[in-house]
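Below is one structure, written out as structure tokens; comments come after it.
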2 protein chains.
Amino acid sequence: MYSSQYWYLQNHSLFKHLNNSDLNEICYIAAYKTVRKGDIIFFSEENNGRVFTLKKGSLKIVKIDVEGNEIVKDILKVGDLFGSLDLIESNEDEYAIVLSDTATFCSFKTADFEKFIENKPEVAVKYTKWIGFWFKRLENRYSNIMFKDVKTRLLNFLKDIAKDHQTDPDGYVSLPNYLTHQDIASLICSTRQTVTSLLNTLKSEGIITYSRKEIKVKISVL
Amino acid sequence: MYSSQYWYLQNHSLFKHLNNSDLNEICYIAAYKTVRKGDIIFFSEENNGRVFTLKKGSLKIVKIDVEGNEIVKDILKVGDLFGSLDLIESNEDEYAIVLSDTATFCSFKTADFEKFIENKPEVAVKYTKWIGFWFKRLENRYSNIMFKDVKTRLLNFLKDIAKDHQTDPDGYVSLPNYLTHQDIASLICSTRQTVTSLLNTLKSEGIITYSRKEIKVKISVL
DNA sequence: TGGAAAAAGTCTTTTAGCCGACAAACACAA
DNA sequence: TTGTGTTTGTCGGCTAAAAGACTTTTTCCA
């Protein structure tokens with residue numbers, strides 16, 4: 001158990017080049033938790049001000065806006081960071097929901113993490129670059145939403161998930177489908193009905209096939 | 001001249017608490033430049049991979065998208081950081097245009113800056129927090145664009161500039177108007193015509209008055 | 001000072017995609 | 001297997017705002 005945790009952090013790009021004693025140190029301040037499908041991780045309360053990294057499974061990040069609508073902000077996969085990335089404090093109107101059967105994540109109190117990186121400048125720089133990268137990712141996603149029509153956005157969304165999956169010999173990528181049309185709509189900033197009918201359009205165009213459990217995308221068109 | 005540069009960095013929130021020798025060090029790697037209205041600062045070529053901070057004046061950040069359209073991404077004011085914030089590399093399709101009569105900025109090569117923060121972890125943490133703050137700002141701007149109608153977006157845009165200006169005794173904030181309707185449209189993700197007619201609607205509603213030189217906004221409605 | 005270019009103003013037409021309403025299909029529990 | 005909640009499918013009406021076309025005003029510099 002402990003060794004798997006050590007192994008995970010050692011292989012995380014943030015901590016890859018640390019020596020053993022530093023790795024022990026980061027392991028020491030790390031808390032692990034395994035949760036089940038549908039479980040919610042609130043970023044407030046006992047998790048207030050924590051930086052998380054996902055060790056296993058997948059999550060969706062949800063935000064409640066002022067009108068009380070649930071907005072799906074992001075889908076995260078293994079290795080991704082989330083939570084109080086700015087090392088300031090957590091957003092009280094945000095939480096994560098587990099999509100996979102189980103998910104394991106690791107977290108640090110921002111204060112601990114801050115203290116840690118103050119003595120490991122190379123981690124500080126890596127972390128800064130990581131945040132910068134995440135920033136650009138957000139920027140791209142939003143410019144996608146603003147300047148592309150819904151169909152393009154949907155295809156880009158599929159492309160985005162597909163890049164983390166293997167292509168089958170028949171030229172299709174099979175994506176496990178954790179998400180409802182409502183979720184997808186929220187992610188690409190559209191409506192349930194539009195997503196449903198666009199998915200059917202794509203199906204009739206031969207670009208995708210899908211069931212409730214998976215979506216298969218013809219990789220060549222992406 | 002040199003003392004003013006020293007003074008600027010000393011008072012920048014990123015470097016505020018550095019001792020004299022560290023301040024000298026950051027001053028040593030800083031390059032200053034003063035440019036005039038309309039001048040363009042490309043982020044590629046000789047400026048490739050630089051982090052900038054604006055010492056005086058105001059700028060707009062413009063991006064050329066794949067279709068060749070100019071998108072106004074941001075308006076920056078004194079103290080703001082821009083350029084290769086992720087410390088990786090600069091965006092070749094982005095540049096800054098000077099809006100004020102003159103602008104002075106200070107810049108560091110990312111490699112120099114990276115080296116600097118490696119030995120000043122507290123600056124690294126501050127920088128990370130700064131990026132985090134900028135992150136939230138981006139998030140807010142885009143959620144504004146995605147979920148509000150154009151009129152609300154326009155008002156929020158005005159509010160956003162207004163908060164950096166003094167309120168007149170008559171309850172109006174006077175904003176110098178560097179921007180064309182086209183620029184505003186681009187910032188709030190709308191069209192020139194829509195902005196023009198909305199501004200006139202707001203004028204007839206008594207919420208704003210404007211000329212080519214300034215916009216006055218009734219602060220109470222914001 | 002005049003004349004061209006840029007910006008602003010005002011129409012009208014067009015359209016993407018939101019929204020509500022309802023029905024069908026599925027999931028899951030008892 | 002039957003019932004109940006959830007997700008998906010389909011349709012037409014509707015509207016905000018984009019897009020186009022043209023005029024008027026302002027800017028600015030030769």
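Chain naming here is simple, since letters A, B, ... match the order of the sequence lines and numbering starts at 1 in each.
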To the nearest angstrom, the CG-P distance between B/L198 and C/dG9 comes to 12 Å
Is it true that atom CZ of A/R36 has more than 12 heavy atoms of other residues, nucleotides or ligands lying nearer than 6.0 Å? no
Could a donor-acceptor pair under 3.5 angstrom be found where the side chain of A/Q193 meets the base of D/dG9? no
Between atom CZ in A/R212 and atom P in D/dT6, what is the gap in whole Å? 13 Å
Figure out the CD1/P separation between A/I145 and C/dG17, and round it to whole Å. 13 Å
Can you confirm whether A/K109 is buried at NZ, in the sense that more than 12 heavy atoms of other residues, nucleotides or ligands lie under 6.0 Å from that atom? no
Examine C/dC18: is either OP1 or OP2 under 4.0 Å from a nitrogen or oxygen in the side chain of A/T194? Give yes or no. yes
Can you tell me if NZ on B/K163 sees more than 12 non-hydrogen neighbours from other groups inside 6.0 Å? yes
Rounding to a whole Å, what distance do you find between B/I184:CD1 and C/dG9:P? 11 Å
How close or far is atom C1' of D/dT25 from atom CG of B/L199, stated in whole angstroms? 16 Å
Counting only side-chain N and O atoms of A/Y210, is one of them less than 4.0 Å from OP1 or OP2 of D/dG9? yes
Kindly indicate whether the side chain of B/R192 and the base of C/dG9 share any N or O donor-acceptor pair separated by less than 3.5 Å? yes
Pairwise 5' ranking along DNA chain C for A/K151 and A/K213, keeping only the more 5' one: A/K151
Is any side-chain N or O of A/T196 closer than 4.0 Å to OP1 or OP2 of D/dT7? no
Let me know the distance between CD of B/Q182 and P of D/dG20, rounded to the nearest Å. 13 Å
Over all strands shown, is B/S190 touching base, sugar-phosphate only, or nothing at heavy-atom distances under 4.0 angstrom? sugar-phosphate
Which whole-number value in Å describes the distance from B/I188 CD1 to D/dA16 P? 16 Å
Under 4.0 Å: is that the gap between some side-chain N or O of B/H181 and OP1 or OP2 of C/dA6? no
Could you check how far CG of B/L154 sits from C1' of C/dA8, rounded to whole Å? 15 Å
Within a 6.0 Å radius of atom CD on B/E205, are there more than 12 heavy atoms belonging to other residues, nucleotides or ligands? yes
How long is the span from the OH atom in A/Y142 to the CE atom in B/M146, to the nearest 0.5 Å? 4.5 Å
Would you indicate, yes or no, if D/dT10 has its OP1 or OP2 atom less than 4.0 angstrom from a side-chain nitrogen or oxygen of A/N200? yes
